[in-house]
Structures are given as structure tokens and as C-alpha cells.
Asks: 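Right, I'll just put the structure down here and ask away after.
Values below: all heavy atoms of this structure, side chains included; hydrogens, waters and symmetry mates excluded.
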Amino acid sequence: MTITVEDGTGLATADAFVSVAYCDTYHAARGNTAWAAASTADKETAIVRATQYLSEAYAWQGLPINQRSQSLAWPRTYVTDSNGYAVPSNAVPGEIEQATALVALAELADPGVMAPSYTAHSRVKSEKVGPLAVEYDLSRTDAEGARPTILAVRDIVGGLLSIGAGSLLSGQSVRV
């Protein structure tokens, strides 16, 4: 698989906000050895899933620079960060790159964790058959499995979210 990294021009064919090399550097600096041990193909797949999640899961400020013809949510125009500084419209912001690396690590460890399939009525916590009893660890099979990554991502990208999307209120950044 070869990924196409967004280069800041609003590509119609981009499927990644960051390269494998970016994530390699990001995770090496943080001692995330699971990333280093993975194959390039698995890393690329995780980056594509992370990019898709970030493109679709949040209401971002501004507008895509190439309107509907660009494939990803970034780059965008008319965006300011939580300090009121203009975000360049010819690049993917560093916050988005960092968030992509973080989500890619979660997706590498547990593919699909950011888009969990959950049916409330079919969840079983424990079963007992005769003298045998089993309790299941459901921490990664329900929506709560992705919560720590979601909160970390919100901390990173919160200043770029649209007003009313949970990050900005009266011009002040609110950490969720």
C-alpha cells in the first residue's frame, strides 16, 4: 500500500495527514516501541484510518481550501488557534499531525478502535453455566475503549474546532 500524504494544496487524492516517517519520529521520541515493531504496511493502514477519523469526527473551523474537491478536512482557510493566531491555509497544522500519530498508534494496536461497533442490548458482562462462571473484559469492545485516545486528541486539536463543537466558548479554549 502506498499512501498519499496531504501536501498543503488540498489534494483530491490524499488519504493521509502524515507520513510513516513522521509517525516513526513522533513515536520514537515518546518511546512507543509497539509502533517501531510494526510493518510499514500496518503503519500505513493505521495512518489512513487515523486520518479518516480526524477528517470526519470533528467540526473544524473554516473551510477546506479546495472546497468539496479535496479529499480530506485539511488544509483549511479562515482558521485561528486557541490563542487567536491565524493557522496557515497551505499546510496541515502541527496539531493535526500530532493527533494523527496518536490515533494511528491506537489503530495499530486495536484496528477499528476509533470507530467501535457497539450494540447495547447484546453486551454480556458475565456468564454462568453450572459451576463454571466467566466474566469478560469488554474494555476494548465498547465505545469506552477509545475514550482515552479521544480525550488526548481533543486536548491537542481543541483550539481548531468550530465554535459550539466543544472546544471554543466566547473565544476561550475549553479543555474537555
Side-chain angles (χ1 to χ4, degrees), residues 1 3 5-6 14-62 72-74 76 79-83 87 92-127 134-169 172-176:
M1 169 182 200
I3 61 176
V5 178
E6 173 56 55
D15 58 3
F17 286 135
V18 296
S19 65
V20 170
Y22 176 91
C23 286
D24 287 347
T25 301
Y26 179 92
H27 291 299
R30 289 156 182 80
N32 296 329
T33 57
W35 183 265
S39 71
T40 299
D42 287 345
K43 291 175 183 180
E44 288 176 336
T45 302
I47 289 169
V48 168
R49 283 195 310 269
T51 299
Q52 180 181 6
Y53 169 77
L54 288 167
S55 277
E56 298 172 2
Y58 295 99
W60 302 109
Q61 291 179 45
L72 302 176
W74 291 91
R76 301 176 78 79
V79 177
T80 56
D81 67 16
S82 59
N83 294 314
V87 175
V92 173
E95 296 95 329
I96 301 301
E97 293 175 334
Q98 291 173 32
T100 303
L102 184 63
V103 173
L105 180 64
E107 283 290 328
L108 180 70
D110 190 359
V113 71
M114 300 308 290
S117 175
Y118 174 66
T119 306
H121 68 276
S122 67
R123 183 175 179 189
V124 176
K125 182 174 181 174
S126 63
E127 290 182 306
V134 178
E135 185 167 330
Y136 299 94
D137 177 8
L138 300 174
S139 61
R140 301 299 276 182
T141 60
D142 62 13
E144 287 299 309
R147 187 161 174 73
T149 301
I150 290 171
L151 292 177
V153 167
R154 290 291 296 240
D155 284 346
I156 293 169
V157 303
L160 304 176
L161 294 174
S162 178
I163 293 174
S167 69
L168 299 177
L169 183 62
Q172 297 293 323
S173 176
V174 177
R175 298 285 170 143
V176 179

Asks: Does anything in residues 93-109 form a salt bridge (charged side-chain N to carboxylate O under 4.0 Å, His left out)? List the pairs, not counting sequence neighbours.
Replies: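 The answer is Arg49-Glu107.
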Asks: Among residues at least two apart in sequence or on other chains, which ones pass side-chain hydrogen bond (donor to acceptor under 3.5 Å, both in side chains) with Ser39?
Replies: Asp42
Asks: Sequence neighbours left out, what passes salt bridge (charged side-chain N to carboxylate O under 4.0 Å, His left out) with Glu6? Give chain and number order.
Replies: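 With neighbours one apart ignored, the set is empty.
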Asks: Is there a side-chain contact between Leu102 and Ile156 in this structure, where contact means two heavy atoms from C-beta onward sitting under 4.5 Å apart?
Replies: yes
Asks: How close do Thr80 and Gln61 get, counting heavy atoms only, and between which atoms?
Replies: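 Where Thr80 meets Gln61 most closely, the heavy atoms are O-NE2, 2.8 Å.
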Asks: According to side-chain contact (heavy atoms from CB on, under 4.5 Å), who are the partners of Ala50, at least two apart in sequence or on a separate chain?
Replies: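 With neighbours one apart ignored, the set is Thr100, Val103, Ala104.
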Asks: Assess the residue pair Val113 and Tyr53 against the criterion (side-chain contact (heavy atoms from CB on, under 4.5 Å)); give the C-alpha distance rounded to whole Å, side-chain angles, the decisive distance to 0.1 Å, and a yes or no.
Replies: CA-CA 10 Å; Val113 71; Tyr53 169 77; over 6 Å; no
Asks: Working note: Ile96 + Trp60, criterion side-chain contact (heavy atoms from CB on, under 4.5 Å); need CA distance, chi angles, decisive distance, verdict.
Replies: CA-CA 11 Å; Ile96 301 301; Trp60 302 109; 3.5 Å; yes
Asks: Show your working on side-chain contact (heavy atoms from CB on, under 4.5 Å) between Leu105 and Thr149 and close with a plain yes or no.
Replies: CA-CA 10 Å; Leu105 180 64; Thr149 301; over 6 Å; no
Asks: If I compare all heavy atoms of Ala99 with all of Val153, which pair ends up nearest, and what's the gap?
Replies: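 Answer, listing the atom of Ala99 first, then Val153: CB-CG1, 4.1 Å.
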Asks: Residues two or more places apart in sequence or in another chain: which of them pass side-chain contact (heavy atoms from CB on, under 4.5 Å) with Ser19?
Replies: Val5, Ala21, Tyr22
Asks: Please name the pair of heavy atoms, one in Trp74 and one in Val79, separated by the smallest distance, quoted to 0.1 Å.
Replies: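 Distance-wise, the nearest heavy atoms are CH2-CG1, 3.9 Å.
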Asks: Scan residues 14-23 for pairs that pass salt bridge (charged side-chain N to carboxylate O under 4.0 Å, His left out), counting only residues two or more places apart or in two chains.
Replies: none
Asks: So which atom in Pro93 and which in Val87 form the shortest heavy-atom distance, rounded to 0.1 Å?
Replies: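 Scanning both residues, the minimum pair turns out to be CG-CG1, 3.6 Å.
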Asks: Tell me every residue that passes salt bridge (charged side-chain N to carboxylate O under 4.0 Å, His left out) with Arg76, counting only those two or more places apart in sequence or in another chain.
Replies: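 Arg76 satisfies salt bridge (charged side-chain N to carboxylate O under 4.0 Å, His left out) with no residue once adjacent residues are dropped.
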Asks: May I have the list of side-chain donor-acceptor pairs in residues 28-38 shorter than 3.5 Å, sequence neighbours left out?
Replies:
| from | atom 1 | to | atom 2 | distance (Å) |
| --- | --- | --- | --- | --- |
| Arg30 | NH1 | Tyr26 | O | 2.8 |
| Asn32 | ND2 | His27 | ND1 | 2.8 |
| Trp35 | NE1 | Asp24 | OD1 | 2.8 |

Asks: Please report the shortest heavy-atom distance between Val18 and Cys23, naming the atom on each side.
Replies: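 It is CG2-SG, 3.6 Å.
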Asks: Measure the spacing between CE of Met1 and OG1 of Thr45 and express it to the nearest 0.5 Å.
Replies: 5.0 Å
